[in-house]
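Side chains are part of it too, since the values below use all heavy atoms of this structure and drop only hydrogens, waters and symmetry mates.
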Amino acid sequence: AFAGTIFAILLQRKELILQREELQLSREELKLTREEMKGQKEQLAMQVQVAEITKFENTLFRLLGNYESFIQQIKCTRGHLISEPKEFFSYHAIKIYADEMKSVGFPEEFFKYVKLFQLFNIALEWIEENAPETFKNKYMTIAFANLSYFEKQIFKYFLESQFSPDFKNNLRKLISQ
């Protein structure tokens, strides 16, 4: 009976040693799982940030696309003393308006295209309000890079007109680029 008790104690001791080893392995596995979950959390945060930037950029480029579509609709008709009046479209019309603005003042007919500048202002406000701080200058540069010299000249004229201070501030930024 005494030998049976000693044998049982030795078996329990061996069982306790095995349980301790198993517990140690479980702790190590738990530590590895925690580290893995931390890595997954960081990856998820990066994916969310990329998704937000993508959403922002899609909206910005859609706004700039609307602006570009509106540019394509601009037209002006100018006649010559010798020939029939001729229609000019898009950037050619903007160049004519900008040239006339320099020499004789701003053509009244162009005021129907004020929406053009309002569309661009919406894109600038979108950048100001929604762009991640570290990328604002990059997005402003992208927006301004789409403008021709003549568009900038026309925007400069509008700075001297009756538009809101916010609109004028955005135009000042534009002209200084």
Once rounded to the nearest 0.5 Å, what's the spacing between atom [atom1] of [X] and atom [atom2] of [Y]?
| X | Y | atom1 | atom2 | result |
| --- | --- | --- | --- | --- |
| Leu18 | Leu23 | CG | CG | 12.5 Å |
| Leu16 | Ile9 | CG | CD1 | 11.5 Å |
| Tyr67 | Leu147 | OH | CG | 4.5 Å |
| Leu119 | Glu68 | CG | CD | 11.5 Å |

Shortest non-hydrogen contact from [X] to [Y]?
| X | Y | result |
| --- | --- | --- |
| Phe144 | Lys152 | O-CE, 4.1 Å |
| Ala93 | Ile74 | CB-CG2, 3.7 Å |
| Leu63 | Ile122 | CD2-CG2, 3.8 Å |
| Ile142 | Asn146 | O-ND2, 3.3 Å |

Hey, are the side chains of [X] and [Y] touching, using non-hydrogen atoms and a 4.5 Å cut-off?
| X | Y | answer |
| --- | --- | --- |
| Tyr91 | Gln72 | yes |
| Leu64 | Phe120 | yes |
| Leu32 | Glu35 | yes |
| Arg34 | Leu30 | yes |
| Asp99 | Phe150 | yes |

Side chain to side chain donor-acceptor pair (under 3.5 Å): pairs with one or both residues in residues 18-33, sequence neighbours excluded =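 Found Gln24-Glu28.
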
request  = Would you confirm whether Glu151, through its side chain, and Ser148, through its main-chain N or O, come within 3.5 Å as a donor-acceptor pair?
outcome  =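 Yes, Glu151 side chain to Ser148 backbone: donor-acceptor pair under 3.5 Å.
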
message = Donor-acceptor check, side chain of Lys136 to backbone of Glu128, threshold 3.5 angstrom: yes or no?
response =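 Answer holds: yes.
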
message = Does anything in residues 22-47 form a ring pair (Phe, Tyr, Trp, His ring centres under 6.0 Å)? List the pairs, not counting sequence neighbours.
response =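 Residue pairs passing ring pair (Phe, Tyr, Trp, His ring centres under 6.0 Å), neighbours aside: none found.
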
Ring pair (Phe, Tyr, Trp, His ring centres under 6.0 Å) contacts in which one or both residues fall within residues 10-64, not counting sequence neighbours =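 Qualifying pairs: Phe56-Trp126, Phe56-Tyr139.
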
ask   = Got a sec: does the CD of Glu57 have more than 12 other heavy atoms crowding it under 6.0 Å?
value =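 Buried by this count: over 12 neighbours within 6.0 Å.
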
key: Stepwise side chain to side chain contact (heavy atoms under 4.5 Å, CB included) test for Asn58 and Arg62   = CA-CA 6 Å; Asn58 287 340; Arg62 217 170 313 125; 3.9 Å; yes

query = Among all residues two or more places apart in sequence or in another chain, which pass the side-chain contact (heavy atoms from CB on, under 4.5 Å) test with Phe7?
reply =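 Partners of Phe7 by the side-chain contact (heavy atoms from CB on, under 4.5 Å) criterion, ordered by chain and then number, come out as Leu11.
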
key: ILVMFWY cluster membership beyond Phe2 - transitive side-chain contacts under 4.5 angstrom   =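 Answer for Phe2: Ile6, Leu10.
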
ask   = Sequence neighbours excluded, which residues qualify as salt bridge (Lys or Arg N to Asp or Glu O under 4.0 Å) partners of Glu87?
value =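 Applying salt bridge (Lys or Arg N to Asp or Glu O under 4.0 Å) to Glu87 gives Lys75.
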
request  = Check whether the side chains of Gln47 and Gln43 place a donor and an acceptor atom closer than 3.5 Å, and report yes or no.
outcome  =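 No donor-acceptor contact under 3.5 Å links the two side chains.
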
key: ILVMFWY cluster, Met37 and Met46 together (side-chain gap under 4.5 Å)   =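 No, Met37 does not connect to Met46 through the hydrophobic network.
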
